[in-house]
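Shown next, in structure tokens, is the structure this report addresses.
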Amino acid sequence: MQEVIIGYQGEMSLKGLNRNQFESALIKILRYRLKDAGRFAVWCAQSTFYIEPEDDAADLDLAFDRVKKVFGLAAVSRSAVCEKDFDAICATAESYLGQTLNGVRTFKVEARRADKTFPMDSPALMRELGACLLSRHPRLRVDVHHPDCKVIVEIRDRGAYVHGPKTPGEGGLPVGTSGRALNMLSGGIDSPVAAYRMAKRGLALDHIHFASPPYTSERARRKVVALARRTSVYTGSCNLFVVPYTHPQECIRDNAPPMLFTVLMRRSMMRIAGQIAQKQGCEALITGESLAQVASQTVQAIRCTDAAQELPVLRPLIGMDKTEIIETARRIGTFETSILPYEDCCTIFTPPHPKLRPTLDEVLEAEAAMPGLPALEAEAAAAAERLRIRIEEAELDWE
Ligand code: ATP
Ligand code: MG
């Protein structure tokens, strides 16, 4: 029996004339993601994606696992394919799902006839296939509202597809179809989740991380590499820029009012990120900030950070509670790495009483008293190290 994976479009299906571009982008991503799972034919017809093994060596379990994590698909299913012939459909449904039906009490058949040349209409197909399965499983009952199991049959161009309930996909839009942005990646819980959320909206990403050796360690840096790798299952392969931030940070520590240290440092990071973003063709910055989570995330502090450079700053977690963020971090597999206890440069030199409501005027005044800072920032940006984060290495251990 031939088995394939079917992917169902989510929001993409609402796109008008440029839907083709979204479909081509998704096909390319699927092919790339399945490269090491064996040989598959991937195509799209009538808004549905098909992933068909081309030989026995193709690993369908691995492929299904991968496809579930690709943004752009609202649902996926593994399906048996047979001829568009009623008897063949009955036999396939029995051999593919018969065992499952033995283990449940109620079921329902759903049918969809995309190929209108098939002689039975959908209601007739549902009725007849239901009767056929009932005759083979006499203790089974039909329940159209809350069935224990659904048998779905879809009559499409290339054949009849028979499968059980669909599995939810990741939803969202194919990565890259919304442009490219630079994600500010710390070692914490929030910023990997922010990357995940924006990639889900179709942004291709690079990451930037600020390290301040010797105050921050090599292990802290390796942890960030591990987080970028883990996230790559969703974002795809990307660059991670590691900026040596010690000198600008010391300059701020030594020359600015301690109460303003954090907001000044965040503005400085934004300026450097803005410079690297422009060089890389990134059109926005992303942070894991969440309103009022810490002193630098009040509305007033955010106003000051936003004014530091020109690119839009996307903050997908702004309205999320920490518990909600943690839930996502667990689901996408970054939480356990994020909670490893290594220092971040954002948490060194922090004053005991950071100002909760800084004004732009006082911040600009403090910056005017540090005329050497822009040169140090330019030096740091120029010395940024570019690491290639490869999706193939997503599972590598972080040490
Ligand atoms: P996280 O869990 O992401 O570390 P947080 O609650 O600890 O977030 P902050 O330390 O204030 O918050 O940082 C807010 C955001 O600033 C982070 O989500 C991240 O986007 C960015 N950021 C913080 N530290 C760094 C860093 N060292 N390098 C790059 N970006 C950083
Ligand atoms: Mg942090």
Side-chain angles (χ1 to χ4, degrees), residues 181-199 205-213 215-217 219-225 227-228 230-231 239-246 248-249 252 261-277 282 284-298 301-302 304-306 308-309 311 313-318 320-330 332 334-351 354-356 358 377 380-381 384-385 387:
L182 185 62
N183 179 52
M184 299 181 61
L185 186 66
S186 70
I189 297 166
D190 304 336
S191 43
V193 175
Y196 162 83
R197 302 263 310 206
M198 292 324 302
L205 299 183
D206 287 320
H207 300 284
I208 183 169
H209 175 69
F210 294 86
S212 288
Y215 308 106
T216 62
S217 65
R219 285 168 76 87
R221 173 192 149 109
R222 284 211 296 270
K223 173 182 164 183
V224 172
V225 172
L227 283 173
R230 286 269 146 117
T231 323
N239 295 306
L240 165 62
F241 296 93
V242 180
V243 178
Y245 190 59
T246 315
Q249 197 170 9
I252 300 170
F261 171 79
T262 306
V263 67
L264 289 168
M265 178 183 69
R266 298 198 59 77
R267 278 172 58 85
S268 156
M269 286 178 165
M270 290 283 178
R271 281 190 292 267
I272 295 173
Q275 287 171 25
I276 291 180
C282 295
L285 301 179
I286 300 168
T287 80
E289 289 164 302
S290 163
L291 191 66
Q293 193 187 79
V294 290
S296 64
Q297 296 171 21
T298 62
I302 286 175
C304 294
T305 23
D306 268 354
Q309 57 80 52
L311 292 177
V313 181
L314 308 178
R315 298 181 170 90
L317 313 188
I318 197 74
M320 285 174 81
D321 286 358
K322 197 75 184 186
T323 48
E324 295 169 314
I325 299 170
I326 288 175
E327 214 176 278
T328 308
R330 283 190 196 280
I332 65 173
T334 53
F335 183 74
E336 297 300 329
T337 308
S338 287
I339 57 173
L340 294 169
Y342 300 110
E343 66 296 323
D344 179 56
C345 79
C346 248
T347 52
I348 56 173
F349 312 153
T350 45
K355 192 152 188 179
L356 288 175
E377 289 172 358
E385 185 187 350
L387 306 177

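The residues of the chain are indexed from 1 along the displayed sequence. For ligands, and for the atoms within them, numbers begin at 1 and follow the listed sequence. Heavy atoms only: backbone and side chains are in, while hydrogens, waters and symmetry mates are out.
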Non-hydrogen atoms of Thr231 and Ala195 that approach each other most closely: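 Heavy-atom minimum between the residues: CG2-CB, 4.0 Å.
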
Closest non-hydrogen atoms of Leu227 and Gly187, given as atom of the first, atom of the second and distance, are CD1-O, 3.7 Å

Distance-only N or O hit between ligand 1 and [X], under 3.5 Å:
X      : result
Gly288 : yes
Ile189 : yes
Thr287 : no
Ile208 : no
Gly187 : no

Using the salt bridge (charged side-chain N to carboxylate O under 4.0 Å, His left out) definition, which of the options Arg267, Arg266, Arg271, Arg315 pairs with Asp306?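 Only match with Asp306 under salt bridge (charged side-chain N to carboxylate O under 4.0 Å, His left out): Arg315.
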
Atom indices of ligand 1, in the order listed, that fall short of 4.0 Å to a heavy atom of Gly188: 1 (P), 2 (O), 4 (O)

For Glu385, which residues count as a side chain to side chain donor-acceptor pair (under 3.5 Å) partner, sequence neighbours excluded? Arg221

Pick one: which of Ile286, Leu240, Val243 meets side chain to side chain contact (heavy atoms under 4.5 Å, CB included) with Ile208?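 Single side chain to side chain contact (heavy atoms under 4.5 Å, CB included) partner of Ile208 among Ile286, Leu240, Val243: Val243.
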
CZ of Arg197: more than 12 outside heavy atoms within 6.0 angstrom? no

Going by the closest heavy atom to atom 29 (C) of ligand 1, which one wins out of Ile325, Asn183, Leu185? Leu185

May I ask which of Gln293, His209, Glu289, Arg266 has a heavy atom nearer to atom 21 (C) of ligand 1 than the others do? Arg266

